[in-house]
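Counting starts at 1 for both ligands and their atoms, following the listed order.
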Amino acid sequence: MTEKPRLFGADYSVYVRIVRLVLAEKGIDCDLVPVDVFAESGPPPGYLDRHPFGRIPAFEHEGFRLYETGAIARYIDEAFPGISLQPPEARERARCNQLISIADNYAYPILVWGIYVERVSKPAKSAIADEAAISRALPKARTCLKAISEIMGTAPWLAGESMSLADLYAAPIFDYFLTAPEGDETLRDYENLAVWWSRISRRRSMRDTRPL
Ligand SMILES: N[C@@H](CCC(=O)N[C@@H](CS)C(=O)NCC(=O)O)C(=O)O
């Protein structure tokens with residue numbers, strides 16, 4: 001009987017949610033240990049021993065400590081039973097990894113920080129949205145959706161015939177992006193992504209990991 005893994009982080013975090021989605025899709029129970037990196041006092045004492053860069057998530061399984069979402073997600077997929085979330089065929093797996101890189105390097109900063117944080121999150125905290133920043137982010141957001149849409153093509157999932165880590169990386173990013181009117185408007189131009197979104201957003205794992 002393997003020990004229950006522990007995930008350190010907060011439910012609002014895109015990256016923590018990616019790991020929670022991987023765990024949920026594989027049917028693995030896990031303890032979420034609260035760590036709020038955005039708290040005024042910073043992360044709790046000792047957290048930097050788990051994650052020297054002070055980000056969330058961090059992960060521990062039977063004494064094996066890990067940080068960086070890509071490493072955690074692949075470890076969970078390979079070390080635990082359940083459906084496989086990495087395509088077995090080399091080219092589909094390369095597409096899956098390409099999409100993960102796109103999510104890390106372009107979609108997360110542009111769709112979440114460039115659009116969602118400015119348009120939705122800041123006004124919700126009575127701060128003023130930076131319209132110039134949104135205008136600068138919008139063409140880049142289109143580039144993100146166009147690239148993801150082209151890679152997906154006519155497949156049912158982003159990296160091919162089966163749901164993969166690529167879908168679980170993109171889904172929390174899209175969930176925030178689509179709360180902004182600009183997100184909804186942009187998605188309408190990419191029919192395959194709109195169909196993908198209606199497919200993934202209805203999954204139980206998405207409901208169970210929704211930030212409170
Ligand atoms: N490269 C990290 C990125 C994780 C990340 O950026 N997490 C965000 C929350 S979604 C964070 O901890 N931000 C705190 C900060 O930027 O100081 C990973 O893949 O896990």
Nearest-contact summary for [atom] - protein heavy atom, Å:
{"atom": "atom 11 (C) of ligand 1", "answer": "Arg55 CD, 3.5 Å"}
{"atom": "atom 9 (C) of ligand 1", "answer": "Ser13 OG, 3.6 Å"}
{"atom": "atom 4 (C) of ligand 1", "answer": "Ile56 O, 3.3 Å"}
{"atom": "atom 1 (N) of ligand 1", "answer": "Glu68 OE1, 2.8 Å"}
{"atom": "atom 19 (O) of ligand 1", "answer": "Thr69 N, 3.2 Å"}

May I ask you to check whether Tyr108 has an N/O atom sitting below 3.5 Å from an N/O atom of ligand 1? no
Less than 6.0 Å separating the ring centroids of Phe80 and His61? yes
Does the Lys NZ or Arg CZ of Arg55 fall within the cation-pi geometry relative to Tyr15 - under 6.0 Å from the ring centre and within 45° of the axis? no
Output the list of atoms in ligand 1 that are nearer than 4.0 Å to some heavy atom of Val37, sorted by atom number. 12 (O), 14 (C)
Give the atoms of ligand 1, by number and element, whose distance to some non-hydrogen atom of Val14 is under 4.0 Å. 10 (S)
Using a heavy-atom cut-off of under 4.0 Å, does the side chain or the backbone of Phe38 touch ligand 1, or both, or neither?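 Near ligand 1, Phe38 shows its side chain, while the N, CA, C and O stay back.
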Would you call the rings of Tyr108 and Trp113 parallel, tilted or perpendicular if under 30° counts as parallel and over 60° as perpendicular? perpendicular
Return the minimal non-hydrogen interatomic distance between Met152 and Trp196, and the atom names on each side.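 Between these two residues, the closest heavy atoms are CE-CB, 3.6 Å.
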Any Lys/Arg nitrogen of Arg199 or Asp167 sitting under 4.0 Å from an Asp/Glu carboxylate oxygen of the other?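 Salt bridge absent between Arg199 and Asp167.
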Tell me whether Arg20 is salt-bridged to Glu25, with the criterion being a basic N under 4.0 Å from an acidic carboxylate O.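 Salt bridge flag = no for Glu25 with Arg20.
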More than 12 foreign heavy atoms under 6.0 Å from OH of Tyr106: is that the case here?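 It does not: Tyr106 OH has 12 such atoms or fewer within range.
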